[in-house]
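Each remark here refers to the structure printed beneath this line.
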Amino acid sequence: MTVTTQELLLRRIRDVADYPIPGVTFKDITPLLADPEAFGALTGALAELCVRHGATKIVGLEARGFILAAPVAVSAALGFVPVRKAGKLPGATLSQAYELEYGTAEIEVHAEDLLPGDRVMVIDDVLATGGTAEASLELIRRAGAEVAGVAVLMELGFLGGRARLEPTLAGAPLEALITL
């Protein structure tokens with residue numbers, strides 16, 4: 001029996017009950033990252049999406065998005081640009097505030113890392129409510145770059161992130177390898 005990439009990835013994602021708070025089931029990707037076959041398959045699948053959508057750079061969202069996006073950038077021979085929480089990058093930055101369920105947050109990118117003509121694929125581990133991804137798309141466009149799309153390992157469909165992102169995507173694709 002041949003195992004699909006999606007099945008391989010699902011087998012390596014562990015459910016942790018009542019974390020970080022009671023009633024929440026956390027999707028732990030550390031077993032997937034520890035398995036070279038699964039991590040390689042994930043990296044390959046995300047790199048293929050970047051190439052298919054014509055990306056010239058990859059943005060990884062802090063923090064787990066860094067873990068996924070950096071090897072994808074190397075595999076696809078593309079530049080990697082970290083989008084960090086406010087105050088973590090030295091030098092000139094562009095910042096974007098966004099709403100959370102419990103307040104606000106802010107992300108930043110180095111102003112010179114995204115340029116007009118860049119086609120940027122955003123990579124993260126999970127699409128939940130979509131707030132961070134939405135802010136990253138706005139940040140990319142403010143830098144003068146074009147959004148090639150968003151690619152995530154998992155989409156938690158019941159949290160409505162896709163619907164929130166639709167207007168900001170403006171026709172760019174949203175690809176989830178797994179939808180729960």
Side-chain angles (χ1 to χ4, degrees), residues 5-6 9-10 12-13 20 24 26-33 38-39 41-53 55-76 78-86 88-89 94-101 105-110 113-114 118-141 143 145-170 172-180:
T5 298
Q6 186 181 49
L9 300 176
L10 278 168
R12 300 298 186 269
I13 297 170
V24 172
F26 182 78
K27 299 294 186 182
D28 181 14
I29 67 167
T30 58
L32 186 157
L33 300 174
F39 194 21
L42 171 59
T43 299
L46 291 172
E48 189 277 323
L49 291 173
C50 292
V51 170
R52 182 183 338 145
H53 295 300
T56 60
K57 287 190 180 165
I58 295 173
V59 155
L61 302 182
E62 187 167 345
R64 289 181 300 262
F66 294 177
I67 297 167
L68 303 185
V72 169
V74 170
S75 178
L78 301 173
F80 167 71
V81 178
V83 169
R84 307 245 13 222
K85 294 174 183 167
K88 300 286 186 177
L89 292 172
L94 294 174
S95 64
Q96 182 69 43
Y98 61 101
E99 297 290 323
L100 298 167
E101 305 82 71
E106 192 173 357
I107 56 174
E108 293 180 332
V109 67
H110 275 134
D113 288 348
L114 297 175
D118 285 335
R119 285 187 44 81
V120 182
M121 180 68 81
V122 175
I123 293 183
D124 205 4
D125 63 329
V126 175
L127 175 64
T129 62
T132 307
E134 180 182 46
S136 74
L137 298 178
E138 292 170 2
L139 198 56
I140 289 163
R141 289 194 177 106
E146 182 183 341
V147 174
V150 174
V152 296
L153 166 58
M154 279 183 289
E155 176 181 353
L156 304 179
F158 58 92
L159 292 177
R162 182 174 291 269
R164 178 178 180 167
L165 277 184
E166 287 296 331
T168 310
L169 281 165
L174 169 56
E175 304 267 8
L177 300 179
I178 298 167
T179 302
L180 302 173

Working for side chain to side chain contact (heavy atoms under 4.5 Å, CB included), residues V152 and V150: CA-CA 7 Å; V152 296; V150 174; 4.2 Å; yes
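- Residue L32 holds its CG atom at 13.0 Å from NZ of K27, rounded to the nearest 0.5 Å.
- In this structure, the separation between CZ on F39 and CD1 on I67 is 7.5 Å, given to the nearest 0.5 Å.
- Between H53 atom NE2 and E48 atom CD the span is 7.5 Å, to the nearest 0.5 Å.
- Smallest separation of non-hydrogen atoms from A69 and G60: CB-CA, 3.6 Å.
- You'll find the side chain of L49 stays beyond 4.5 Å of the side chain of P173, heavy atoms only.
- At a threshold of 4.0 Å, the pair R52-E175 counts as salt-bridged, since one of the basic side-chain nitrogens sits closer than that to a carboxylate oxygen.
- Across V147 and R119, no two heavy atoms sit closer than the pair O-NH1, 4.4 Å.
- Of the options I178, V126, L180, T179, a side-chain contact (heavy atoms from CB on, under 4.5 Å) to E155 is made by T179 and by none of the others.
- The two atoms that bring F80 and A73 nearest to each other are CB-CB, 3.8 Å, heavy atoms only.
- For the pair L61 and S136, the tightest heavy-atom approach, listed with the atom from each and the gap, is CD2-CB, 3.6 Å.
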Verdict with reasoning, V81 to I58, per side chain to side chain contact (heavy atoms under 4.5 Å, CB included): CA-CA 6 Å; V81 178; I58 295 173; over 6 Å; no
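- Between L165 and L127 the shortest side-chain heavy-atom distance falls below 4.5 Å.
- Distance check, rounded to the nearest 0.5 Å: CG of L46 to CG of L153 gives 7.5 Å.
- Atom CD1 of I140 is separated from atom CG of D118 by 10.0 Å, given to the nearest 0.5 angstrom.
- Minimum heavy-atom separation, A151 to M121: N-SD, 4.0 Å.
- Taking both residues in full, the closest heavy atoms of A45 and L177 are given as CB-CD1, 4.0 Å, listed atom of the first, atom of the second, then distance.
- The shortest side-chain heavy-atom distance between D28 and I13 does not fall under the 4.5 Å cut-off.
- For the side-chain contact (heavy atoms from CB on, under 4.5 Å) test with L114, the passing option among L94, V83, V120 is V120; the others fail.
- Distance alone, capped at 3.5 Å, places no donor-acceptor pair between the K88 side chain and the I107 backbone.
- Using a cutoff of 4.0 Å between basic side-chain nitrogens and carboxylate oxygens, E108 and R84 are not scored as salt-bridged.
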Side chain to side chain contact (heavy atoms under 4.5 Å, CB included) between L9 and I29, intermediate numbers included: CA-CA 9 Å; L9 300 176; I29 67 167; over 6 Å; no
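- Taking the side chain to side chain donor-acceptor pair (under 3.5 Å) definition, one finds that S95 meets it with E106, sequence neighbours left out.
- A distance of 7.0 Å separates CG of L174 from CD of E166, quoted to the nearest 0.5 Å.
- Between the side chain of S75 and the backbone N or O of P71 there is no donor-acceptor pair closer than 3.5 Å.
- Listed for the R162 side chain is no donor-acceptor partner under 3.5 Å among the backbone atoms of L156.
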